[in-house]
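Here's the structure, in C-alpha cells; my notes come after.
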Number of protein chains: 2
Amino acid sequence: MQTDPVSRFRRFARAVTAEVGALDSSFLGRGRPLGAARVLNAIGQGRADVAEIRAYLGLDSGLMSRLLRGLEEEGLVVTRPDPGDARRRIVSLTDAGQTEFAAYERLSDERAEALLSRHADQDALLAAMDRVASALLREKIEMREVDPRAPEAVHCLQAYYGELARRFPQGFEVSLSRDPEAGAMVRPRGSFIVAFSDGLPIGCVGLKGTGADYSEIKRLWVSPAARGLGLAHQLMARIEAIARELFITVLRLDTNSALPEAVALYRRAGLREIDRFNDDPYPDHFFEKRL
Amino acid sequence: MQTDPVSRFRRFARAVTAEVGALDSSFLGRGRPLGAARVLNAIGQGRADVAEIRAYLGLDSGLMSRLLRGLEEEGLVVTRPDPGDARRRIVSLTDAGQTEFAAYERLSDERAEALLSRHADQDALLAAMDRVASALLREKIEMREVDPRAPEAVHCLQAYYGELARRFPQGFEVSLSRDPEAGAMVRPRGSFIVAFSDGLPIGCVGLKGTGADYSEIKRLWVSPAARGLGLAHQLMARIEAIARELFITVLRLDTNSALPEAVALYRRAGLREIDRFNDDPYPDHFFEKRL
DNA sequence: GCATTTACCTGACTTAAGTCAGGTAAAATT
DNA sequence: AATTTTACCTGACTTAAGTCAGGTAAATGC
C-alpha cells in the first residue's frame, strides 16, 4: 500500500513531472537549443552578471562563453565589461532579445493555460499548488514595505476581510474602497508589510500610528497556502523592528476569539493581555507590548 | 502582481522543478546514462513488451534497440521472442537486473526522504501534494474490488470513521478491529470497491447483502485529496453495476445531515428519500433506489 | 612591484541522445 | 501465394552538452 510519506511524495513527483516537463518544453518551441534558451531566459529575468548566470544554470565557463557568443551572433544580447571590474562582463538583451524573451514567456503562459484549462476544479487545484509551492519555497520568502493601497496590499486585505466575514459569527462588513486607516499605515507614522513567495503575496501586517501614545498592529494575515511555516511570527518580528525604528514604545492590538490561532500567536509572541482600549464592536481580546 | 491562475501555476512549476528534478537525478546515481536507466526502470516497473516501453519513453526504434542490447551486455535483462508473435520481443530483468532496479528504487526513496525531511509541516504538505497529484491524474483513477478487511480497504475505512468522528456533533465510535459487517461486503452477497490513483487509495464504497429483500450501500468515502473530481459518482455507478450483476433489485442507504455533500450527492444520483428503515442511532436521512 | 588569483575566452575532445536509411523475418492482407 | 505491413535490428550520421587544458588581461595579495 502506497500510503507512507515517501510513496506519496514519489507519486506527486510522477504526477507533476509530465505536466511540468511540458511547461519546460516551451524552451524548445523556438528552434533554439535548450542551453541557449535557458541563458536567454536567465538574462530576460534580469540576471546581468555572466558569472551569476553561470552559477545559476550550473554551466562550465567555456560552454557559457560559447552560448553567449551564439546569442550575440543572433543579435539577441550585448555584453560589455563591468565598469567596476573589467574582467567581468555585463549582459543585456537587445530589442530583438526582448522580443524573443517575450515570445518565450508567451509560450510558457500558453502552455500553462492549456494545462490548467483541462482541470475543472481549478480553485482547489491552484490552492493546493500554492500550498506546495509556498512550502517548498519557504526559505525564500521576501518581505517588502508597501503602501497599503498598492495592489499587492489590497489583494492581501481582501483575502483578510473575506476570511473575517467567513469566520466571525456576526459576519464582517468590508469597507475597503477607501480605507480611512491607510494613511496611518505609511511612514513616518506607520508601515505596511507584504510577504512574497516568488512573487505571490502570501501575508501582510500593518502598523498604524494612532497619534496617541501607542501604535497599533493591524491586519495580520497569512494566506492559507502559507500557514504552518512560521510566517506570522516573521511578520510580527519585522513590524516590531520597524516600530522601533519609528521610536514607537507601546504596541497594541485587538483581535477576536473566533480567530483562536491569532490569540494563541499573540500570547506566544510575548504580548500581554490588557483591558479593552477601544469601542470597536468586533474585537474581544486586547494585547499590549512595550518596546 | 502574480495572483492570476497562469502565474500561480508557473510559480508552482518553478518551485517543484528543482525538487522533482533532484528526484529524477537519482537515475544518474549509478554510472549509467539516463536513457539506459530509464529503460531499466520501465522494465522493473513491469513493462515487458519492447514496443510498449518504446512508446512509453518516446524512443526511436534504433535507439531502443541499442539501449536494450547495452543492458543485455551488462547482464541486467534478457529478451526472448513473444510466443504469440515472433516479431515482438519480451524483456525481463535477470537477478542482477532485479538487484540493480532495487538499487535505483532505494536511491529514489532516499532522495524523497531527504527532501521531505527538510519540511516541518509534512502532513499539510503531503496533503496538498496528494491533492495536486490526484487532480493531475484524475483520468487514470482505477477501481478495484477488494476484501473490506484488506489493508487498502482498512486504510480508507479508518479515514472514513475518523472523518465521521470529527464531523458528527455527537462523535462516532469506531469499532474497526473486527468489523461484523465485513463478511456481508464480499461476493456473492455483496462487494467492496477501493479507488486508486497511481497506487494511492483515494476512495471506497461497500455493498452489503443484508439477507433481507434489499441490499445496502455503505461507507462511501472520498479522500479529501480527491474531492471535486466526481469520484463519488463514479464509485456509486460502479457499485450499482455490481449490484445488478448480483441480481439485487433494491438498494438502500442511510446517512447523516452532518454530511450535507453526501445527502446532496444521493439526491442528485436519483435516489428517493424514504422513511427510516433501521434503528441505527447515527443516520437521519434514508434513501432507496430500485434497479 | 611582482606573484597569484580571478573572469572570461578558445580549441580539441568525449559522451549521450537522437535521426535516418536501409535490412531481415514474421505476420497480416489481398 | 504474393504483397504489404510490422517489429526489431544495424550502420552511418548529426547535434547538443559537457569536459579539459591552456591562454589573456585585469584585479588582488604580499
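Chain A is the first sequence line, chain B the second, and so forth, proteins listed ahead of strands; every chain is numbered from 1.
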* Kindly say if R69(B) contacts the phosphate of dT10(D), meaning a side-chain N or O under 4.0 Å from OP1 or OP2. => yes
* **Distance (rounded to the nearest 0.5 Å) between Y104(A) OH and L28(A) CG** => 8.0 Å
* Structure fact -> Between CG of L28(A) and C1' of dA16(D) the distance, given in whole Å, is 11 Å
* Rounded to whole angstrom units, what separation is found between the CD atom of E52(A) and the P atom of dT6(C)? -> 19 Å
* Asked: In terms of the nearest nucleotide of DNA chain D, which residue is placed more toward the 5' end: P33(A) or A86(A)?
  -> P33(A)
* To do: Let me know the distance between CZ of R54(B) and P of dA7(D), rounded to the nearest Å.
  => 8 Å
* Answer yes when R14(A) and D198(B) have at least one side-chain N-carboxylate O distance shorter than 4.0 Å, and no when they do not. => yes
* Could you check how far CG of L59(B) sits from C1' of dC20(C), rounded to whole Å? => 16 Å
* Side-chain-base donor-acceptor pair under 3.5 Å for R66(B) and dG11(D) -> yes
* Criterion salt bridge (Lys or Arg N to Asp or Glu O under 4.0 Å) against D49(A), the qualifying member of R54(A), R88(A), R87(A) -> R88(A)
* Could you check whether D85(B) gets within reach of a base, just the sugar-phosphate, or nothing at all, counting any heavy atom under 4.0 Å? => sugar-phosphate
* To do: Grab the CG-P distance between D60(A) and dT15(C) for me, whole Å please.
  => 16 Å
* Asked: With respect to the phosphate group of dT24(D), does any side-chain polar atom (N or O) of R87(A) fall under 4.0 Å of OP1 or OP2?
  -> no
* Asked: Looking at the side chain of S61(B), which of dC8(C), dC8(D), dA26(C) is the nearest nucleotide?
  -> dC8(D)
* Under 4.0 Å between a side-chain N or O of R88(B) and OP1 or OP2 of dA7(D)? -> yes
* Hey, does Q234(B) have a side-chain heavy atom less than 4.5 Å from the side chain of L229(B)? -> no
* Structure fact -> Note: for G35(A) and D82(A) on DNA chain D, the residue whose nearest nucleotide lies more 5' is G35(A)
* Structure fact -> Here the distance between atom C1' of dG11(D) and atom CG of L63(B), to the nearest Å, is 14 Å
* Under 4.0 Å between a side-chain N or O of R89(A) and OP1 or OP2 of dC8(C)? -> no
* To do: Take atom CG of L57(A) and atom C1' of dG18(D), then tell me their distance rounded to the nearest Å.
  => 14 Å
* Salt bridge flag under 4.0 Å for residues R32(A) and E100(A) -> yes
* L67(B) CG - dT10(D) P separation (whole Å) -> 13 Å
